[in-house]
Protein chains: 2
Amino acid sequence: MNGISMIQLAKELGLSVSTVSKALGDSHEISAATKKRVLELAKKYKYKPNPFASNLRKKKGKQIAVIIPDIVNNFFALAVDGIESVTMSKHYDTFIYLTHENLEREKAVLEHLESGLISGLIISVCNGREGYSHFQEFYEATRLPLVFFDRVPDLLQFPKVITNNYESSLDATSRLIKAGSKRPVLVTTTEPMFTSMERRRGYQDALEKHGIVFTDDMIIHCTDDMELNYAILRKIFSQKKRPDGIFASIEKYAITSYQVCKDLKLAIPKDVKVIGMTNLRTAALLNPSLSTLSQPAFDMGKEAAGLLIKMIEKKSYAAANDIIVLPNELTIRDSI
Amino acid sequence: MNGISMIQLAKELGLSVSTVSKALGDSHEISAATKKRVLELAKKYKYKPNPFASNLRKKKGKQIAVIIPDIVNNFFALAVDGIESVTMSKHYDTFIYLTHENLEREKAVLEHLESGLISGLIISVCNGREGYSHFQEFYEATRLPLVFFDRVPDLLQFPKVITNNYESSLDATSRLIKAGSKRPVLVTTTEPMFTSMERRRGYQDALEKHGIVFTDDMIIHCTDDMELNYAILRKIFSQKKRPDGIFASIEKYAITSYQVCKDLKLAIPKDVKVIGMTNLRTAALLNPSLSTLSQPAFDMGKEAAGLLIKMIEKKSYAAANDIIVLPNELTIRDSI
DNA sequence: GTTTTTTCCTATAACGTTTTCGTAAAAGCA
DNA sequence: TGCTTTTACGAAAACGTTATAGGAAAAAAC
């Protein structure tokens, strides 16, 4: 703000503002000698172009936004890390907005961003599927490039970065069964999301593949309320005919499952085998170490940001309907 | 970008642009009737002021930046969560920059931000103490408000949000000793930071208070290299005269300590008592559950953002040298 | 009924860039 | 030489706001 402006540079150099601007932009219209003079003085005064003036005139800037449900979650933190690694290297600035699974908040952020503050947007949507129209509206209003990752709106035509949720869930469930589980349950969210539906599909197909009859009570719906989740799981695992396997499709549900088993004196993996969908670094240190299906969170962020910037810089229009699928990683530890 | 502008609003209303601007700004110079007309049309067209034009003219905007070493770390993630909760409610936009403990990167970000993109800055500095001059230079160049949190440059006069590292370390160490540890060690970083120095001071004073003679080898210096840390700790705990207590002053060192004890078949807490400085949510699920000294990360973020915005909006000049101290929380579990 | 004040609005100049267009001088070419 | 082309720059308009100064009409004051 307090720095020197192009006008002052021009004055001191005895040049016009437009010449200075072009020289700094390395335009072919400017002679090498002049460019050198300009650059040197600019360096001497540590000249930095005013981004507001520049963005205003060019009608776009090098700022993007990331909208995610939560940052206190290893998956999203890793994704942001991946995004930032790209935006940093490409000299973009990254805004961050947290929705905390609140649809109204998500809409509000989107509406706020219609002001044109940014040149592109990376999103992982919040829980629930009732409405995705605000994304469409945002796009209609701004025509700005949008990239979704992980939690994507399946019905909308936007570029997406996702994982092979179906295949890897099928795989994980199969491993539970092969390890001896006769009745593995799926612990998932009450909120219907594309990702969790895919995981469920993989889970059910694995059961079918191994000749296990699926019944509705094998899907355990948990919530955002950890206390309530504990109660739900405890009740189910206190039954005589309790499950002997858990595929926890959400990070925090694996932890609660562990707690319930510990408190009910159910031995893992003898009584209950567990695989958790999680990126927790402490998975290996739990007792027993937790087998995990982990998402390539950092790479998802990287891919999403790379795609977005490509779209912003129009190096590739083809990207518009790209769907990038990255593989989840299954790590078998002592819990199965 | 594609939205309607003030000029078009003015045209359609048969008013001048300045009238529209003032009406939208709820100026007293404009009659209630006119304000109503303007507001209604603005709403109808979903008018959003162009932030670049506005910021350019006003010479400031509602954007701030957060510079932190890492986001894949519960402490910083929580802090960002706290910051965002404030910036959201105050309608500020939050940029995020990660230094990954790289001083050059930190300097580069700061220099980039000298362009005037933001109106304020929240920082937790990266490892090492050799240079803090870039912060001073940034301030001289921009005169922008700056707030540090947790990892603060002790020698610079800026507002800070920290925790009672000294007192709580003294307390934690005392608990280790009272629990029976005759020779508790401090596992800390090689990088000299204000925070870790304070923790060390608390640790040493606790030893003295309980009549335990301190020797240099009771400070175990770990690095960023997890493998190396493992080797260092393993070597020390393999000795005949091994320590019987650990105060791990950095999150990840507690985990490594657990691993080493597990592999060396040292029972926690019988053979070794452990307290870790960490915000890990899984601390309670480790085997045995880890006693923690945790930082009020979310609140630190909240306080820092609140302070910053107060300074930006000049509601309080007095904030300039504020130091806010929040208490760490000691949670005793099974590891001592 | 004149002066003063208040009310409500407009004109215009910024803010610091980028871009379009114009043009003098230099260079190329026959 | 005279013509065209290229090179290297400048003038000025634009981007969409906000702030300052001013002014006409209405209201208030004397």
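The sequence lines fix the lettering, A, B, ..., with proteins before strands; numbering per chain opens at 1. FYI, side chains are in, hydrogens and waters are out, and symmetry mates aren't considered; it's all heavy atoms of this structure.
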A/E101 (side chain) donor-acceptor with A/N127 (main chain) under 3.5 angstrom | yes
Atom NZ of A/K59 and atom P of C/dT20 are separated, to the nearest Å, by 13 Å
Tell me: CG of B/N50 to P of D/dA14, nearest whole Å?
-> 17 Å
Pairs meeting criterion salt bridge (Lys or Arg N to Asp or Glu O under 4.0 Å) with involvement of residues 62-81 of chain B, two or more places apart = none
Mind checking whether B/Y139 and B/F158 have parallel, tilted or perpendicular rings, split at 30° and 60°?
-> perpendicular
Does a salt bridge link A/R105 with B/E84, judged by any charged N lying under 4.0 Å from a carboxylate O?
-> yes
Only pairs at least two apart or in different chains count here, so list each salt bridge (Lys or Arg N to Asp or Glu O under 4.0 Å) that has a residue in residues 4-14 of chain B.
-> none
A/T99 side-chain N/O to A/C126 backbone N/O, donor-acceptor pair under 3.5 Å | no
Spell out, as yes or no, whether a donor-acceptor pair under 3.5 Å connects the side chain of A/K35 to the backbone of A/S27.
-> yes
Atom CD1 of B/I7 and atom P of D/dC15: how far apart are they, to the nearest Å?
-> 7 Å
What parts of residues 12-24 of chain A reach DNA chain D, counting only heavy atoms under 4.0 Å away?
-> A/G14, A/L15, A/S16, A/S18, A/T19, A/K22
Are A/E114 and A/K107 close enough for a salt bridge, meaning some N to O gap below 4.0 Å?
-> no
Using heavy atoms and a sub-4.0 Å distance, could you list which residues of residues 28-49 of chain B are near DNA chain D? By number, please.
-> B/Y47, B/K48, B/P49
Among D/dA19, C/dG16, D/dG16, the one nearest B/K58 by side-chain distance = D/dA19
In whole angstroms, how far is the P atom of C/dT10 from the CE atom of B/M6?
-> 13 Å
Could you state the CZ-P distance from B/F52 to C/dT18, rounded to the nearest angstrom?
-> 14 Å
Given axes from five pairs at either end, by how many degrees does the helix from C/dG1-D/dC30 to C/dA30-D/dT1 bend, rounded to 10°?
-> 40°
Answer with yes or no whether A/R57 presents, from its side chain, a donor or acceptor under 3.5 Å of a partner atom in the base of C/dT18.
-> yes
Here the side-chain hydrogen bond (donor to acceptor under 3.5 Å, both in side chains) pairs for residues 297-309 of chain A, sequence neighbours left out, are none
Atom NZ of B/K60 and atom P of D/dT18 are separated, to the nearest Å, by 13 Å
Is the backbone of B/Q295 close enough, under 3.5 Å, to the side chain of B/T163 for a donor and an acceptor to pair up by distance?
-> no
Hey, does the side chain of B/T142 reach the backbone of B/F138 with a donor-acceptor pair shorter than 3.5 angstrom?
-> yes
